[in-house]
Amino acid sequence: MIPAARLAHLRPSPIRALSEGAPPDAVPMGLGEPGWDLPLPAVEALARFSGPCAYGPNAGLPELQEAVGAFHGTPARDVLLTAGSQGALFALTQAYAEPGDAVLVPDPGFLAYPALARIAGAEPVPYPLGPGFGLDADLFRAALDAAPRARLALVNHPGNPTGAGCSRAALAEVAEACARRGVLLVSDEVYRDLRLGDPAPSLRDVTQGGIVLGSVSKAWGAPGLRVGWALGEAPLLAPARLVHAYMVTAPARTSQLAALALVRESGAVLAQAREHLRARWEAFSEAFARHFGQVPQHGAGGFYHWLALPPGADPMPFCLRLRDEGRVVVVPGQAFGERGRGFVRLSYAGDPALIREGVRRLAPFWSTP
Ligand SMILES: Cc1ncc(COP(=O)(O)O)c(C=O)c1O
C-alpha cells in the first residue's frame, strides 16, 4: 500500500531518534519535559478515581473547561480541551488549512508545526526571528506579505527551542497584520507559566482575536496526562472541536480529572514548578559558567538553552559524537528549521545533579571540537 502523498515529507522526530539510540548511561538533555514528580493534587485525584470510566462530553469535562477558563479569565465556552496542546494544533491545522494554503511557522520553531501543516496538505512557510530569536514584527510581516495563500500563522513565546520571548508591541503588530489579512493567528504559550521572572506577554494582552494554546504538560508538570487547551471565541473553535472529537472522542477522563485538580490548585502547583525550574537553572548555569567559562542568560521561560555549535562543527555528526563519546543527548538545532543549523538545544528540565554532569561532559567538545 502507498501512504498518502501529503505524508511524503514526514520523518520521525529527530529528538526521539537521538534519544532512542543513546548509550544507557547517557545524560538526557534532549527531551523537553519536566523531570520532577507529578504534583500531589494530580496524584490524589488519580488515587480517588472510582466508578465507570465513561467517555464524557466531546468538549471535555465542563468543570475542567470552567477551571481553565477561570485561570485565563475566559468564559468556559471559549475553551477547547484537547489531547495535549498538540491535539489542539492538529485540530486547528486540519480545521483551517486547505491543501495548497500556507501556514507561517517560526524558524527555528517547534518541529511539530511544519509537520502538522503538511499533514493538513498545506505548505509550512518558515519565518525568521529577530536578534536573540525573539518575535520580530517586521520580519514576520515580510514573510506574511510574501505568502499570498497564508491561512494560519503560529507564534510561540517563550519559544521552543530558544527560550526567547516577544515584546507586547511585536505581538500587537503581528496580531494586527494577521487580522488585516484574515489570517488566523495561533499563539502557543505553553511555556508561559514556567518562568523565573515576570510573566511574558500573552496574545490576550493585546487582542481578544486569534487563539491561545496552553497545556498541563510544562508548568503543571504533567506531560503524560496529555491534556491541553485552545482559547478563542467559540465559533472559531467549533470546527477544531469537531475534528478533535472525530480524532479522539474526548480527552481521557482520568487525565482530565487529574488536570482539573492541578488547574484548581494552580497557585501552589505553579509556585512549586518555579522552584523546580530555579533549582535546575541554578544547576545548569553554575555548571555552564564553571565548565564553559561563560555566564548563560535565562530566557523568557521554559527549560531550554540554545547553544551555538563550535566553529566548523558538522551538526549531525557532532551531536552523534556528543551522544556516543560524550554520553549526553542533545538536539541538533536544524531539527527546528534551517535557521537553527548552527546551534544545539540543551534541555535542563531533568534532575539537577544529572544536568551538572551533562554540562561537565559537554564542555570538552566545545574547547576541542
Ligand atoms: C512549543 C510547544 N508547543 C506545544 C507542545 C506540545 O505539548 P503538549 O501536547 O504536551 O501540550 C510542545 C511540546 O514540547 C512545545 O514545545
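Remember, it's 1-based here, ligands and their atoms both numbered in the order they're listed. Starting from 1, each residue takes its place in the sequence as its number.
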Under 4.0 Å to a heavy atom of [X] - the qualifying atoms of ligand 1, by number:
| X | result |
| --- | --- |
| V190 | 2 (C), 3 (N) |
| N160 | 1 (C), 15 (C), 16 (O) |
| R226 | 8 (P), 9 (O), 10 (O) |
| N156 | 1 (C) |
| S217 | 8 (P), 10 (O), 11 (O) |

Nearest non-hydrogen protein atom, [atom]:
| atom | value |
| --- | --- |
| atom 3 (N) of ligand 1 | D188 OD2, 2.5 Å |
| atom 14 (O) of ligand 1 | K218 NZ, 2.8 Å |
| atom 12 (C) of ligand 1 | F110 CZ, 3.3 Å |

Does [X] have a heavy atom less than 4.0 Å from any atom of ligand 1?
| X | answer |
| --- | --- |
| E33 | no |
| G84 | yes |
| F90 | no |

Nearest to atom 7 (O) of ligand 1 by heavy atom, G159, S85, P106, A83: which?
S85
Below 3.5 Å, can you tabulate the donor-acceptor pairs from side chains in residues 45-73 to any protein atom, sequence neighbours excluded?
unit_1, atom_1, unit_2, atom_2, d
N58, ND2, T249, O, 2.9
Q65, NE2, V79, O, 3.0
H72, NE2, W229, NE1, 3.0

Please check this pair: side chain of [X] against backbone of [Y], looking for a donor-acceptor N/O pair closer than 3.5 Å.
| X | Y | answer |
| --- | --- | --- |
| S215 | G228 | no |
| R181 | L144 | yes |
| R151 | Y96 | yes |
| D78 | A234 | yes |
| R280 | H276 | yes |

Ring centres under 6.0 angstrom apart (F318, W366)
yes
Ring center gap for F343 and F336 short of 6.0 angstrom
no
The side-chain hydrogen bond (donor to acceptor under 3.5 Å, both in side chains) partners of S202 (sequence neighbours excluded) come to E189
Any nitrogen or oxygen of Y304, side chain or backbone, less than 3.5 Å from one on ligand 1?
no
Looking only at distances, can you tell me whether any N or O atom of S215, backbone or side chain, sits closer than 3.5 Å to an N or O atom of ligand 1?
yes
Within reach of ligand 1, part of Y113 (heavy-atom separation under 4.0 Å)
side chain
When D136, L139, L135, D107 are each screened for side chain to side chain contact (heavy atoms under 4.5 Å, CB included) with Y127, the one that passes is L135
